Protein chains: 2
Amino acid sequence: MLSKKKQTVNPGKFKSKIEGINYGLLDSLVGYSIRRGQISFYDDFFKAVNEPSITPLRFSTLVIIGANPGLRQVQISDLFGVARPGATSLIDYWEKKGCVERRVGDKDRRSYGIYLTKKGSEDLENLQNIVKAHEDHMTRNLSNSERETLMDLLKKIYSEA
Amino acid sequence: MLSKKKQTVNPGKFKSKIEGINYGLLDSLVGYSIRRGQISFYDDFFKAVNEPSITPLRFSTLVIIGANPGLRQVQISDLFGVARPGATSLIDYWEKKGCVERRVGDKDRRSYGIYLTKKGSEDLENLQNIVKAHEDHMTRNLSNSERETLMDLLKKIYSEA
DNA sequence: TATTGTTATACTCTATAACTATA
DNA sequence: TATAGTTATAGAGTATAACAATA
């Protein structure tokens with residue numbers, strides 16, 4: 001197995017361009033452009049959500065649980081590419097906040113079905129509204145058609161990777 | 001200061017789409033699309049470079065040093081949004097490999113100028129060729145004009161963040 | 001006093017391995 | 001035996017703080 005690969009950036013400290021610096025090959029790389037965009041989104045996500053413990057991954061987990069009631073942890077692990085203990089920890093986080101509950105499976109008693117609680121539904125609703133506003137902010141210089149184009153072009157990259 | 005935010009994914013394990021899963025809001029978010037694209041690039045970078053210790057950040061560091069001879073560590077720290085000890089560690093990595101050298105500054109003896117060695121130039125040349133091939137592979141389903149469009153649209157996001 | 005770089009330390013995230021319980 | 005989930009452990013990466021040298 002490959003060793004772990006972290007992608008941390010001191011939040012808010014990364015500048016996509018600095019005057020007087022020659023970026024060499026980096027400026028012509030799609031990969032580096034995507035990285036720049038990703039860091040911008042990432043930073044703004046935390047500003048918008050304003051709760052450092054809610055990471056994009058934790059947010060995505062809550063969205064997926066909301067959209068797929070009864071999901072099992074092993075599926076979350078597959079979905080986001082985290083090992084099983086990582087899925088345990090993701091669910092623990094939201095369970096401690098009272099947003100999700102583990103229900104013992106009827107058919108297979110090794111696994112749980114994960115469900116939103118009432119509080120979870122409300123929190124998710126609020127979070128989704130915040131994230132939608134953050135999206136609007138981040139794409140404020142794009143027309144609707146440009147936004148569609150961007151998502152289509154990205155799909156051409158990740159859907160065949 | 002905000003706490004650290006990691007963006008790790010078990011390399012190669014993340015799947016951008018899984019059958020039978022409802023992605024809910026995530027499918028309509030530009031931010032999640034960029035994340036999917038970024039993970040694809042990240043995974044393929046490691047496959048292409050085939051040396052786990054060479055991360056995209058370390059590669060970018062070598063590129064920037066090559067394009068800006070005499071760069072100081074504090075500038076690398078600013079450039080990539082890492083704290084100063086992070087810059088020390090980045091330079092240590094390449095110095096141990098014999099690819100860069102620290103030269104004591106003539107004007108300001110607090111700082112070093114960082115320069116590629118002969119080996120560093122050769123390794124950088126090789127790495128850049130590998131990364132260019134990786135880029136071609138990742139964008140193989142995009143025409144040249146689509147590639148340009150993608151980079152332009154991303155720039156509209158990160159240049160005003 | 002402020003800045004550059006280093007070292008020591010602490011913290012987060014997450015993979016691996018070992019375990020329990022079910023199948 | 002294989003799988004779902006948990007717990008314990010270890011490692012990578014990087015921020016903060018304290019320090020030395022220089023400005």
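By convention in this document, chain letters (A, B, ...) are assigned in the order of the sequence lines, proteins followed by strands, and residues within each chain are numbered from 1. Being a predicted model, the structure only gives us computed values, none of them experimental.
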Nearest-Å distance, OH (Tyr42(A)) to C1' (dT14(D))?
-> 14 Å

Rounded to the Å, how far apart are Phe80(A) CZ and dA15(C) C1'?
-> 18 Å

According to the interplanar angle, ranging from 0 to 90°, do the rings of Tyr32(B) and Phe80(A) count as parallel (below 30°), tilted (30 to 60°) or perpendicular (above 60°)?
-> perpendicular

Heavy-atom side-chain contact between Arg102(B) and Ile114(B) under 4.5 Å = yes

Within one Ile-Leu-Val-Met-Phe-Trp-Tyr cluster: Val100(A) and Tyr115(A), side-chain cutoff 4.5 Å = no

Between Arg84(A) and dC19(C), is there a side-chain N or O to OP1/OP2 distance below 4.0 Å?
-> no

Close side-chain approach of Arg36(B) and Leu154(A), heavy atoms under 4.5 Å = no

Starting at the 5' end of DNA chain D and moving along, which residue's nearest nucleotide shows up first, Pro85(A) or Ser111(A)?
-> Ser111(A)

Return the value, rounded to whole Å, for the distance between atom CZ of Phe14(B) and atom C1' of dT14(C).
-> 16 Å

Interatomic spacing from CD1 in Ile54(A) to OG1 in Thr61(A) - rounded to 0.5 Å = 11.5 Å

Given atom OH of Tyr112(A) and atom C1' of dT20(C), what is their separation to the nearest angstrom?
-> 11 Å

In whole angstroms, how far is the P atom of dC13(C) from the CG atom of Leu90(A)?
-> 10 Å

Would you say dT4(C) has OP1 or OP2 under 4.0 Å from some side-chain N or O of Gln75(B)?
-> no

Hey, is the side chain of Arg72(A) poking within less than 4.0 Å of OP1 or OP2 on dT22(C), counting only N and O atoms?
-> no

Selection: residues 103-110 of chain A, any non-hydrogen atom under 4.0 Å of DNA chain C | Lys107(A), Asp108(A), Arg109(A), Arg110(A)

Does a nitrogen or oxygen in the side chain of Thr88(A) sit under 4.0 Å from OP1 or OP2 of dG5(D)?
-> no

Contacts of type ring pair (Phe, Tyr, Trp, His ring centres under 6.0 Å), residue Phe59(B), not counting sequence neighbours = Phe45(B)

Nearest whole angstrom, please: distance from the C1' of dA15(C) to the CG of Leu57(A).
-> 14 Å

Give the rounded distance in Å between these two atoms: CD1 of Ile91(A) and P of dA4(D).
-> 15 Å

Proximal nucleotide (of dT6(D), dC13(C), dT4(C)) relative to the Arg58(A) side chain = dC13(C)

Donor-acceptor pairs under 3.5 Å, side chain of residues 125-134 of chain B to any protein atom, not counting sequence neighbours: which ones?
| from | atom 1 | to | atom 2 | distance (Å) |
| --- | --- | --- | --- | --- |
| Asn129(B) | ND2 | Glu125(B) | O | 3.3 |
| His134(B) | ND1 | Asp44(B) | OD2 | 2.7 |

Between dT14(D) atom C1' and Tyr93(B) atom OH, what is the distance in whole Å?
-> 17 Å

